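Down below is the structure, laid out as structure tokens.
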Amino acid sequence: MEPLLAGRAHEVGLAAVNGPDSVVLSGAADAVDEIVGRLEQRGARTRRLTVSHAFHSPLMEPVLAPLRAELAGLAAAVPEIPVMSHLTGDFLPSDRPVEPEHWVRHVREPVRFADGVAALAARGVTTFLEIGPDAVLSAMGQDSAPEAEFIPTLRAKKAEHAGDAGHTAEDEAAALTQSVGQLFVRGADIDWSAVLGVPDDAPSTPDLPTYAFQRTEYWLPSEGGARGPGHAGLVPHDGDDAALAAELGLGDPESAATLLPLLAAYRHRRDDDARVDGWRHRTAWTTAAVPPAAPAGTWILPVHAEQADDPWVTGLVAALSAGGVRPVLLPCAGDAALAGHIRSATGDAGPVSGILSLFALAPGRHPAHDALPRGTVLTLALLRALEESGSRVPVWHATRAAAAVGPAERVHHPEQLAVRALGRVAVLESSRHWAGTVDLPERIDAWTGGRLAAVLGHSAADGERGSGHEFENDIAVRGAGLFARRVVQATAAAPAPAPATVDAATPWPPTGTVVVTDGISPLGRQVALHLARGGAEHLLLVTRPAPADPQAAPAGADTATATAGTPPEHAPAAEALRAELTALGARVDVTDRDLGDRAEAVALLDGIPPTGPLTVVVPTRTASGGSTLAQHTAPGLQETLRADARAARNLHDLTRERSEPAAFVLLTTLAATVGAPGRAGPALADALLDALAEERRSAGLPVARVALGPWAGADTAEDTEARDGGLLPMRPDLALRAVDRAVRARETGTAVFDADWERVAAHAAATPGARPTARLFDGVPALRDAVRGTGSAREDTGAEDPEEFRRHLGTLPVNERSAEMLRLVRTHAALVLGHGTDAVVAPDRGFVEMGFDSLTATRLRNRLGAATGLQISAATVLECPTPQTLADHLLGLCTAPRARTRPRLRPRNRD
């Protein structure tokens, strides 16, 4: 906008920044109209707002002096609650009244709504309540905080006839009740007696519905699950205590009264144990068929310049040459001119079949971004360079001994796990620059080269056919053959990784001092309460610091103070949690430390008295901005990783120099284990924690790493998307029971999650790009059974590949295309709403009536965009009132001539 406003500061200005791609102009009508005309010529959508004055523009200058004079006569008070200013994009001062000049500037300067929302989200705010006559701010705020939930108290009634707009008392009561209900399920403390207008002891009795029951279940999934084979006959009579007493011959009432509660508790305990057993999963490797030999052609091998002459790299080049590949090694000193190197190499080598990146092998940390491995930064730079060049050749990313395929193997280069985790995100984003990830052994021989050449040749042929989902994408090449990665249910007979020199099982629950990083986050809170119930003596909860604040405590503040340095917005939650933990018998300290800073970590450990064993627990729920992998940059990821991965690394380094902790527990998400689109940041953080766990295990140090799925009450956007894909929320106490078991056994490869396998199968069958997830879980018998009942995703290629869907649509008669597009819309709308069938999505029923809001509209937009290849907005979903109108709109876009896109080129560096 700045070039369009140049020279017009006296007549027009930027009035508001409402989102990443939404602004408001204000000023003289002629000047605004001229700028709007130029914007519309560029394809921008514009809309005129009806207002009484040109607020936040140069036309407000005459009223500023009178307003300043009026405000000077008012008595201002110190804010009693935190107030986010949309003038500065930060909190107002909490220790003094706001100066009148602030409000004067607010009338004249832009409203930084997007900055304010983003700042709140960065401070951990996950729920926004809009108090106003409509949901305008909720819809705008979603673009600046995509992971948060926005709840409007009222919605404007759409006018069907002139004069109908507005709200009725019934409309307002229904909308307000709905918003209160949404707040309640998000964890807010609601006084329901005040909401319902009845005393606590006089609940009202609702009438039964007057229509026949439809016999369709809408309840949350039952927590009960199938018992394991060893639990089938533990307690007969299915919990009938009287029958059980009779069978056991407990004729004495006193004996029955004593024994039956113990048996009931035993039964519930065994049921819970059986349920937890079903949640435990691990990584396994299964043999995969080596593709038939095919011409592989020329492959570019980008590698860090320091490793171009490494014997392993030269051995790989020789083995590929012997296998029929023409490898072209491309040494690169850094990521600055990578796009130019790629263009030069592809031009000099002639027709190129693909790229095999060796950047993951680059040793050490990046010099400017120490939280990131050098290989990860180079890999991200390669993705951006390929995006800019418009390259469409398949790209494989190689690692070296970064996977333990068999019980006798161990991970030699754990830092390369980061690139493997990014691959699991990329394949779910359908990135054309990530065909797959291949792990190669420490010793390269002709067998290895031949099998890898077969994979590359198959990938090159697959790329020419336009299909990138026909082969495995997470593989390992070994002397014994080709292996593909799977996630399977863990059993007592599961093979353990190569033994490390550990002494014995970890004592758990811990004694002494337990350091819990991010201790007042939802996950940290659950962990702290679980430890306190288990008898932990001293809990030191570390909170993440807010952005720089002159009132913040200095780095060396006393850690023994209960809430020393805790940011004001964290203080109420910290005090409430401290009271809960104290009531459970634990001694609690809360401190604000940036553990990603080594000096801060040193100060934290120096403040811990040496009165008992030390335990470190690092629970992570790394925030994600929802960006695709190619959009991530090293500086952005550096800040993301400081709070978790870098903090854990600092605690590891510092405690190794002192007395080693009795337990070192790392709790991650499923992002690195399973993958999730738009979750590159969490996947990278989890992978670096996995790498740290491997280092500690190999060194014989105590460590446990557990990846946790969604659980009840943790309503993040990521957990919601996981539930959409078939993962069920777990009871926190049971999930942490599984953590207890893993910590005692020092397990480093356990994933704990619950799944509705039928829904996973349905999601894979109907969701574009979800086939890698279904393949990852195909070692789970329940999923295989569900796939047979749902129909294999391989049978419906039209729902899998956008190009294939458009080709399929083009082969249909004209009068059948609308029905096919409607089927697609109804299927994905049903999945977004959580229904098991699209029968509930009537073609002419309104989206809003079915329960769609801005968030669910965004999810439907994402699904339909991936299925059709069309670029549509979430607003388009709601602007088309019914599935039929949306299907007609999408059909029009699909059949319209497609504009030819040109690759974005980076200016050549002529220095």
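Below, all heavy atoms of this structure are taken into account, side chains as well, without hydrogens, waters or symmetry copies. Here the structure is a predicted model, which is why all the values come from computation and not from measurement.
Residues D888 and T885 bring no donor and acceptor atom of their side chains to less than 3.5 Å of each other.
Minimum interatomic distance between V117 and H86 (heavy atoms only, all atoms of both residues): N-CE1, 4.4 Å. Across all their heavy atoms, V841 and M850 have their closest contact at CG1-SD, 3.8 Å. Minimum heavy-atom separation, P883 to R826: CB-CG, 4.4 Å. The two residues P682 and T669 have their closest heavy-atom pair at CB-OG1, 4.4 Å. Taking each heavy atom of R42 and L4 in turn, the nearest pair found is NH2-CD2, 3.7 Å. In this structure, C880 and H889 approach most closely via the heavy-atom pair SG-CB, 4.0 Å.
Here the side chain of R806 pairs a donor or acceptor atom with the backbone of T868 at under 3.5 angstrom. No donor-acceptor pair under 3.5 Å is formed between the side chain of S144 and the backbone N or O of A118. A donor-acceptor contact shorter than 3.5 Å links the side chain of R784 to the backbone of D778. In this structure, the side chain of Q142 engages the main chain of A148 through a donor-acceptor pair within 3.5 Å. When atom types are taken as modelled, the side chain of R186 and the backbone of T126 share a donor-acceptor pair closer than 3.5 angstrom.
At least one side-chain heavy atom of L809 sits less than 4.5 Å from a side-chain heavy atom of C894. With contacts defined as side-chain heavy-atom distances shorter than 4.5 Å, the pair I151/T127 qualifies.
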(request) Before giving the answer on side-chain contact (heavy atoms from CB on, under 4.5 Å), spell out for D474 and V427 the whole-Å C-alpha distance, their side-chain angles and the decisive distance to 0.1 Å. (result) CA-CA 9 Å; D474 196 349; V427 296; over 6 Å; no

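Between the CZ atom of R775 and the CG atom of L783 there is a distance of 12.5 Å, given to the nearest 0.5 Å. Between T876 atom OG1 and R861 atom CZ the span is 9.0 Å, to the nearest 0.5 Å. In this structure, E130 CD and L137 CG are separated by 4.0 Å, a value rounded to the nearest 0.5 Å. The distance from atom CG of L14 to atom CG of L25, rounded to the nearest 0.5 Å, is 6.5 Å.
Ring to ring, F753 and F777 are close: their centroids are under 6.0 angstrom apart.
Ion pairing of E820 with R823 is present here, as a side-chain N (NZ or NE/NH1/NH2) and a carboxylate O approach within less than 4.0 Å.
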